[in-house]
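Data block below; observations after.
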Amino acid sequence: MPRRHMHVTDAAEAPLRAALHELRVRLEIPDHFPPTAQAEAESAARAPRIPAGDGEVVTEHTLDDATDLPLFTLDPPGSQDLDQAMFLSRRPGGGFRVHYAIADVASFVTPGGALDAEAHHRVATLYFPDERVPLHPTVLSEGAASLLPDQDRPAVLWQFDLDAAGALTGSTVRRALVRSRARLDYPGVQRVLDDGTAEEPLALLREIGLLREELAAARGAISLNLPEQEIVERDGRYTLAYRAPLPAAAWNAQISLLTGMAAAELMLAAGTGILRTLPPPGPQPPSSGEDPNPPTGSVARLRLTAQALGVAWPHHTSYAALIRTLDPRRAGDAAFLQECTTLLRGAGYTVFDGGAPPAAGVVHAAVAAPYAHATAPLRRLVDRYTSELCLAAAAGHAPPGWVRAALAALPHEMETGAQHANRVERACVDLVEAALLHDRVGETFEALVVDRHADDPTQGTVHLCEPAVIGPVQAAPGGPELPLGRRIRVRLAGAEPGREPVRFTPV
């Protein structure tokens, strides 16, 4: 499920920092690495050990030298944990060639060591509105393993050949020594692409990205263009603003998706691997919102949310088609996109060894194709294993023993990590919503009832029309049933950042 991007602006940071710190303490979020893991990271930063096979290592000096490729990284401004770098070019006979370098984390993490154990414990980088808690020590994630500019780095280097329509015609993957030439950010890249001053290879990002988006739409893929939520302070009161993602970020994501799809196909052909899978959304019954007994289910609830936010969703329009019409620069659309992540729940990992799994169980519904997490090993545990499985498959070798030994446990580890990240995200949302409304306790708001408890219809969930806050609502004992799908007036009964999430009562 896509992470919700929340950011505290400088003006609002100080008042919220204490509450966010208390939240991390309450959730037992680590604020440092164990000394043994930190020591391993510092040692590996000085002398990485490049895996060459099961139990073998080589040095950086014996890696394939690809430092002649003028790679560049593209990330949010200020990023230091750079997982990917790319170089885009045209092929002489038509079409495109994409070189995509992925940070080679396995060159810095010894299987079975203290750092490896801590990575399996953390599973993924955690994101809070004011800071992040990294998967690996920053000496690696923002230093020796990061694809920082003008630094030689071991990498897993993919090469993709695309035809003139952007479709993949061939791919290779190998270990190589690379050197990024530039650290670019989305605003700067978007600016030169828009004003026409971008030269190749950067100009090809738009061309290839648009082609890949067309292919994704044709196969029915769902792409959530999630806006970033900014908590800002205005006139002594917190408000929530949305910052729409730039097209350059979506085009960059298409290169990452291309890599994940190629990795999945490579592992499926080899018969050993781990896929990221997602079942399709449930049935989509029509709902006008006026039916006194509207249909239930995740899609039906999302239709009610669309109604609350003023998003038009015609009955004949599919969920995937609707998503492509939304504009994250509009507040209602932006809030609705955040809620659309609920239909992407249920994602998991499918491990196979000794043959590909049944075709019905390998597709990621949002990608509309087999897909693997492969491009963020600095921030997500499973990607390190995906790289090793793909390198072995491309070379025609069996996967390393340490990779095979870990495969069976990875889905549970990743699911446990995802549940933890979801709890963190929910707690952050609760805290931020309480901060937005804590000085408005007792006020009344227009809201739509988007859910109702089956065993107690006087309890449920409402979505405020303004601001875009979702919270629980409960009528007094013996009160009337909540009218699912209908607008009601609610009173804010409580909201205390870090102490009590928002809660409402019907007026």
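Computed from heavy atoms alone, side chains included, the values below leave out hydrogens, waters and symmetry copies. Values in this document were obtained by computation on a predicted structure and should not be read as measured data.
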For [Y], does its backbone N or O pair with a side-chain atom of [X] as donor and acceptor, under 3.5 Å?
X: Arg212; Y: Gly166; value: yes
X: Ser171; Y: Phe160; value: no
X: Thr67; Y: Arg179; value: no
X: Asp116; Y: Val109; value: no
X: Arg153; Y: Ala144; value: yes
X: Gln190; Y: Leu246; value: no
X: Arg49; Y: Ser107; value: no

Take Leu389 and Val403 through the side chain to side chain contact (heavy atoms under 4.5 Å, CB included) test and state the conclusion after the steps. CA-CA 8 Å; Leu389 289 161; Val403 173; 3.8 Å; yes

Quick note, salt bridge (Lys or Arg N to Asp or Glu O under 4.0 Å) partners involving residues 254-266, not counting sequence neighbours, are none

State, yes or no, whether a side-chain contact exists between [X] and [Y] at a heavy-atom distance under 4.5 Å.
X: Asp75; Y: Arg183; answer: no
X: Leu268; Y: Leu275; answer: yes
X: Ile255; Y: Leu74; answer: no
X: Thr73; Y: Pro149; answer: no
X: Phe128; Y: Val133; answer: yes

Which atoms form the tightest heavy-atom contact between [X] and [Y], and what is the distance?
X: Ala101; Y: Leu147; result: O-CD1, 3.6 Å
X: Cys390; Y: Leu266; result: O-CD2, 3.5 Å
X: Glu213; Y: Ala250; result: OE2-CB, 3.6 Å
X: Leu162; Y: Leu168; result: CD2-CA, 3.7 Å
X: Ala369; Y: Met261; result: CB-CE, 3.9 Å
X: Ile470; Y: Val502; result: O-CG2, 4.1 Å

Walk me through whether Ser256 and Asn252 qualify under side chain to side chain contact (heavy atoms under 4.5 Å, CB included). CA-CA 7 Å; Ser256 179; Asn252 185 47; over 6 Å; no

Listed partners of [X] passing ring pair (Phe, Tyr, Trp, His ring centres under 6.0 Å), at least two apart:
X: Phe96; answer: none
X: Tyr186; answer: none
X: Tyr371; answer: His364, His373
X: His120; answer: Tyr385

Under the side-chain hydrogen bond (donor to acceptor under 3.5 Å, both in side chains) criterion, do Thr272 and Asp353 qualify, and how do the steps go? CA-CA 4 Å; Thr272 302; Asp353 193 358; 2.9 Å; yes

Are Arg379 and Tyr127 in a cation-pi setup, meaning NZ or CZ lies under 6.0 angstrom from the ring centre and within 45 degrees of the ring axis? no

Test: Arg276 cationic atom under 6.0 Å from Tyr349 six-membered ring centre, within 45° of axis: yes

Kindly determine whether Arg174 and Gln159 satisfy side-chain hydrogen bond (donor to acceptor under 3.5 Å, both in side chains), including the steps that lead there. CA-CA 9 Å; Arg174 60 191 170 103; Gln159 177 182 301; 5.9 Å; no

Salt-bridged, Glu118 to Arg122, with N to O below 4.0 Å? yes

Does the pair Arg97/Glu200 count as a salt bridge with the N-to-O cut at 4.0 Å? no

CZ of Arg132: more than 12 outside heavy atoms within 6.0 angstrom? yes

Please determine whether the number of non-hydrogen atoms from other residues, nucleotides or ligands lying under 6.0 Å from atom NE2 of His21 exceeds 12. no

If the condition is salt bridge (charged side-chain N to carboxylate O under 4.0 Å, His left out), which residues does Glu388 pass it with, not counting sequence neighbours? Arg175

